[in-house]
Protein chains: 2
Amino acid sequence: MPRSWFCREILRALSMSAMLLSACTGGRAQSGPSPLDGPLTIQAQGSFFVGGHDVHSDTLSTLPAYAPSGTVSVDQMYVRYQVPADVAGRPALVLIHGCCLTGKSWETTPDGRSGWDDYLLRKGYPVYVIDQAWRGRSAGNIAAIDAVKTGKAPLDQLPTVFAAGHEPAWAIFRFGPEYPKVFPGMQYPLEAQAEFWKQMVPDWAADLPTPNPTVPALSTLAKRIGPAVLVSHSQAGIYPFQVAAAGRDGVAGIVALEPGACPAPTDDMAPYKGLPILVLFGDYVDQSPRWAPRLALCRQFVAAANAAGGKAELVLLPDVGIHGNSHMMMQDRNSHEVADWMAGWIEHHVPRHM
Amino acid sequence: MPRSWFCREILRALSMSAMLLSACTGGRAQSGPSPLDGPLTIQAQGSFFVGGHDVHSDTLSTLPAYAPSGTVSVDQMYVRYQVPADVAGRPALVLIHGCCLTGKSWETTPDGRSGWDDYLLRKGYPVYVIDQAWRGRSAGNIAAIDAVKTGKAPLDQLPTVFAAGHEPAWAIFRFGPEYPKVFPGMQYPLEAQAEFWKQMVPDWAADLPTPNPTVPALSTLAKRIGPAVLVSHSQAGIYPFQVAAAGRDGVAGIVALEPGACPAPTDDMAPYKGLPILVLFGDYVDQSPRWAPRLALCRQFVAAANAAGGKAELVLLPDVGIHGNSHMMMQDRNSHEVADWMAGWIEHHVPRHM
């Protein structure tokens, strides 16, 4: 009996047994996305950089142990990805964090539940989590600091960098109207807020060009991994629209979670024609002097896009029966419910590719 | 025929088929660690912070849109982990990157091969990858920059921060004696060096207290996840020893890859008594004015530790038949061979816990 025949037969028996077993498990053991908890089978994972360029500087160091002159690479974007075992033609999702945060936003929630990176993977999507240029694992350039420190540049050449304090950030994240008041029915796990504050990092974006270097890097990424849905949050809200305006290659859709800005309704709407676009807001928006005007401007954009042949939609979560969401909806107690709703929207609006 | 009986029988058939199939695949399909490529089954994954504390500042911002006063969290350490399906009592591995780098060091190599984070996971180890305090996803404090910028602090209060230029870093990473010369037989994938340079980030460590805040965070982590082997690289080389000196709870062993420093031989050796310690160096060390003296000092430490009842060992890779390794041995072309050797050492010296 040849070994190859024997092995083929065994594989056939395995396959048949597995098929029969699926009757015992409701089909989950067989194919389709992984179960939403417990062991997870992934096809591939890894990380890489997109974009970036080299710059020479003579003020890289003030320490005798390290030379001040040399080349550094800046403006690159860090990307970590996981691809599930059974993609079944679903688009890749690129998760793009907002202000003062990193890709950590999408990982394990502050109260220890599965983050969207893991949850959406288990739902069958290839997931790509980025760190914006100059933040997290994507290096910024400190040469200006050392130039000022060594008297080679005037004080006003110091970078414009800020850190969001917990108290002023409270209302921006819409945990309540002002620190430390909490909106009634708030879904954010505030008992774990200390873990959330540790996610925050300084933001150097004010000195970066427009569009932010993250935008061309996202274009490159979409071309490389597409079809992809660009899922942005807050400060990054405008980025996917800037990507689409630069070229739609690889971009299968846009989900903008509480964008800091939508394109102006007077902008050219041609880049958005026929592109599935979801702008999603949480709860308490009308009580927020920061977010209410942004919501209004996004409504104008959606109307303008649709008047020009767009497929854009603006949804407030309370209008689809999901209540109590802060600005950090991917970490709220009902974050999986929000992810389910978003994934349903994607499944309905972005065709699978086979 | 009851359904539960049917399902049990099917599972038995599956199990038997799988056992037979293992004869076709050399046993890899059956149990034990995941195969070293292809689909990977993990039991759990996620990320969290360890350590950190809150500080108040009035110079968090120079932008009108963001308040200058508030509380920020600093000194925390970001940790990402994956636990494989079949740990079988193996210790957790904590991978601690070196100077001017982040946890990215251990991920996909610049030339696109499986990083040690993925490779060691596939070998059956729970893997924890950290970003040192003030680097990557672990936030630093920029308040001093804005204090100087707004005239509230003198120029010399600017932080001591440096970036390693490619050219001066070349010899430190031991790609060759000096930029751009290459040691003969060099295993580093220099054709992909652009991707490596993008991994580098500014280093703020000079202003941090001793021990670096990463050290108490590693102690906390080891207590939480141990038994763990602390695997450090380069600048972080001394950290695991500082952890052990502060308390051995959760620390099952130390692997120091080309440590920037070992404990002084005159230090108290009691903390290291009976603890499995491996100090591992690559190739060309005798040709490096930077690394040769460090190797010599580590030899003195190992001798002193063993004289005091230690179980320390110093190994040069060429002495065990592995040649051509740079300072970045976890990314060299033979990185999996190095990982195999290290894992073999751990398996031999650090008892499994059942």
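All chains are named by letter (A, B, ...) in the order of the sequence lines, taking the proteins before the strands, and each is independently numbered beginning at 1.
Between A:Q76 atom CD and B:M200 atom CE the span is 11.0 Å, to the nearest 0.5 Å. Once rounded to the nearest 0.5 Å, the distance linking CD of A:E167 with CG of B:L60 reads 9.0 Å. A distance of 5.0 Å separates CD in B:E107 from CZ in A:R137, rounded to the nearest 0.5 Å. Taken from CD1 in B:I42 to CD1 in A:I42, the straight-line distance is 5.0 Å, to the nearest 0.5 Å. The CD atom of A:Q45 lies 7.0 Å from the CD atom of B:Q45; values are rounded to the nearest 0.5 Å.
Counting heavy-atom pairs closer than 4.5 Å to chain A, the top-ranked of the candidates B:G115, B:G165, B:A143, B:A164 is B:G165. Interface check for chain B: of the options A:R135, A:Q82, A:Q43, the most heavy-atom pairs under 4.5 Å are formed by A:Q82. Listed options A:G70, A:P168, A:G136, A:A206 were ranked by heavy-atom pairs under 4.5 angstrom with chain B; first place goes to A:G136. Looking only at heavy-atom pairs under 4.5 Å with chain B, the residue among A:P68, A:P159, A:S69 that has the most is A:P159. Counting heavy-atom pairs closer than 4.5 Å to chain B, the top residue among A:Y179, A:F162, A:Y78, A:W197 is A:F162. Between chain B and the options A:V148, A:T59, A:T109, heavy-atom pairs under 4.5 Å are most frequent for A:V148. When each of A:T62, A:V201, A:V161, A:T102 is scored by its heavy-atom pairs under 4.5 Å with chain B, the top score falls to A:V161.
Proximity to chain A (any heavy atom under 4.5 Å) is restricted, for B:R80, to the side chain, taken from C-beta onward. Residue B:R113 does not touch chain A at all, counting heavy-atom pairs closer than 4.5 Å. Residue B:L101 does not touch chain A at all, counting heavy-atom pairs closer than 4.5 Å. Looking at B:W204, the atoms closer than 4.5 Å to chain A (heavy atoms on both sides) all sit in the side chain, from C-beta outward. Using a 4.5 Å cut-off between heavy atoms, B:D54 touches chain A through its side chain atoms alone. Neither the backbone nor the side chain of B:V74 comes within contact range of chain A; no heavy atom of the residue lies under 4.5 Å from a heavy atom of that chain. Proximity to chain B is absent for every atom of A:S57, based on heavy atoms less than 4.5 angstrom apart. Contact of B:Q199 with chain A is made through backbone and side chain together, with heavy-atom distances under 4.5 Å. Heavy atoms closer than 4.5 Å to chain A are found nowhere in B:S114, neither backbone nor side chain. Both the backbone and the side chain of B:A163 come within contact range of chain A, each with at least one heavy atom under 4.5 Å from a heavy atom of that chain.
Across all their heavy atoms, A:K149 and B:L155 have their closest contact at O-CD2, 4.4 Å. Considering every non-hydrogen atom in both B:R290 and A:Y66, the closest pair reads NH2-OH, 3.6 Å. Taking both residues in full, the closest heavy atoms of B:P39 and A:T41 are given as CB-CG2, 4.0 Å, listed atom of the first, atom of the second, then distance. Looking at every heavy atom in both residues, B:I145 comes nearest to A:L158 through O-CD1, 3.9 Å.
Using modelled atom types, no side-chain atom of B:K104 and backbone atom of A:S138 make a donor-acceptor pair closer than 3.5 Å. Of the possible donor and acceptor atoms, one in the side chain of A:K198 sits under 3.5 Å from a partner among the backbone N and O of B:G51. Remark: side-chain polar atoms of B:T108 are paired, donor with acceptor, to backbone N or O of A:S47 under 3.5 angstrom.
Contact check for A:S73 versus B:H166: side-chain heavy atoms found under the 4.5 Å cut-off.
Under the ring-ring contact (aromatic ring centres under 6.0 Å, His included) criterion, the residue pairs touching residues 127-161 of chain B are B:Y81-B:Y128, with sequence neighbours excluded.
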